[in-house]
2 protein chains.
Amino acid sequence: MKIQLALDRMEIGDAIQLTRLVENSIDWIEVGTSLIKEYGVSSIKEIKKAFPTKVIVADIKTIDNARYEFEMCFNAGADVATVMGVSPYVTIDTCMEVARRFDRRVMIDLLNTSEEQKKELMNYSEAIFCDHVSKDEQEESGSRNLGVDEGLLFADSTRQIAIAGGITLESLAALKQKLNPSVAIIGSAITQAKDPADAAAKFKQVIFHVEGV
Amino acid sequence: MKIQLALDRMEIGDAIQLTRLVENSIDWIEVGTSLIKEYGVSSIKEIKKAFPTKVIVADIKTIDNARYEFEMCFNAGADVATVMGVSPYVTIDTCMEVARRFDRRVMIDLLNTSEEQKKELMNYSEAIFCDHVSKDEQEESGSRNLGVDEGLLFADSTRQIAIAGGITLESLAALKQKLNPSVAIIGSAITQAKDPADAAAKFKQVIFHVEGV
């Protein structure tokens, strides 16, 4: 399981400085939606430039204008870009087409998708599926719902899954067991920790402990 | 009916220059999603600074992290900001709360919402509802669907409606009759016209002709 560090609600310089502290414990770097919307595509360029050997995920959250947005992300250096599962299918089709052309990957964010939509979306077999409890939902409920239905849905699937939203050291092992994700997206549990390097190292340890490799 | 000029897929300087040519014929200025995602929040700031007396709509397309994104838009000078109707309701609740606090407005983008979601969303009585045919859907179908179901849904409503997506001089009158919108969002029919000032003036004329005031 890879750790995707989500960088949100901070300046680009601070994001780079923070990532330096933890880079040995994390695998992928997510340029968060808040960075893209606040600073534009230069946020992707600067973070790719600072970490050229890391996989960079642009959390662009495309819901329309797919070709323009995905070409923009990939031209800026992103290796993965996100599209909302609640988008019209033509939008997701276009994202897949652009990603194939650039030899990059699409992450489909399942935020607020219905069970029916999830089933349809599973047809995009090359995508990574992000089981996402949103920031706003976390703030309301105060914790992460383990998503039993989604667990069942994914159980027999060969699809690659990422999990996002309010993941902590304590919840990671249970989520791993339930959803068997390829990617755990960790934000504030590392970025807001008193000692981010220590927090990131502990996540890496938990994964080693759970996976044994 | 107001004309909202949608600025998309161009540099900020070009957007300002183009808007200067048409500003006497249009009412509201939309900082398009593509400008925000490419250049960040400075796109909103620069356009508000250039046109301080116009209503500025930030097409931020929020789907999570509502407080952060809406405060960012309003602090940058936006008078209206957009949230996706397919968002979790807690996200839309937060947008409404932030807008009330700033004395600004929320536009709910109905892109890809189900009939059931639309009915629920009508409870946000202070919002403007944007009946949106996406860029990607237009590119696929080649034209705008007049959206009869939505017309029926809105017919007895006192809700304020904006229409967006592929509106032309030819389709505006029929859309007006069907949906009685308060705002017509026009993008490429003005911005990509050979003579944008002439195109914008013609839209203004059509509205005068239809409304008689």
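Worth saying up front: this structure is predicted, and the values here are computed from it rather than measured. Every chain is numbered from 1 and lettered A, B, ... according to where its sequence line falls, protein lines coming before strand lines.
With respect to the salt-bridge test (charged N to carboxylate O, under 4.0 angstrom), the residues B:D79 and B:K48 qualify. Residues A:E116 and A:K119 are not paired through a salt bridge, judged by the lack of any N-O separation under 4.0 Å between the basic side chain and the carboxylate. In this structure, B:E115 pairs ionically with B:K118, as a charged nitrogen and a carboxylate oxygen lie closer than 4.0 Å.
A side-chain donor-acceptor contact under 3.5 Å links B:R20 to the backbone of B:A50. In terms of modelled atom types and a separation under 3.5 Å, the side chain of B:R104 and the main chain of B:A78 share a donor-acceptor contact. Of the possible polar contacts, none joining the B:R9 side chain to the B:S34 backbone as a donor-acceptor pair under 3.5 Å is found.
Within 6.0 Å of atom CD in B:E97, more than 12 heavy atoms from other residues, nucleotides or ligands are found, so the atom counts as buried in its surroundings. The environment of CD in B:E71 is crowded: more than 12 heavy-atom neighbours from other residues, nucleotides or ligands sit within 6.0 Å. The environment of NZ in A:K202 is sparse: at most 12 heavy-atom neighbours from other residues, nucleotides or ligands sit within 6.0 Å. For CG of B:N123, the number of neighbouring non-hydrogen atoms (other residues, nucleotides, ligands) closer than 6.0 Å is greater than 12.
Both the backbone and the side chain of A:I36 have a heavy atom closer than 4.5 Å to some heavy atom of chain B. For B:E38, the parts lying under 4.5 angstrom from a heavy atom of chain A are both the backbone and the side chain. Only the side chain of B:Y68 has a heavy atom closer than 4.5 Å to any heavy atom of chain A.
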(message) Between B:T82 and B:D109, is the side-chain hydrogen bond (donor to acceptor under 3.5 Å, both in side chains) condition met? List the steps.
(response) CA-CA 7 Å; B:T82 63; B:D109 187 328; 5.8 Å; no
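For a heavy-atom cut-off of 4.5 Å, chain A lies close to B:M84, B:V86, B:S87, B:P88, B:V90 in residues 83-90 of chain B. For residues 51-65 of chain A, a heavy-atom distance under 4.5 Å to chain B picks out A:I60, A:K61, A:T62, A:I63, A:D64, A:N65, given by residue number.
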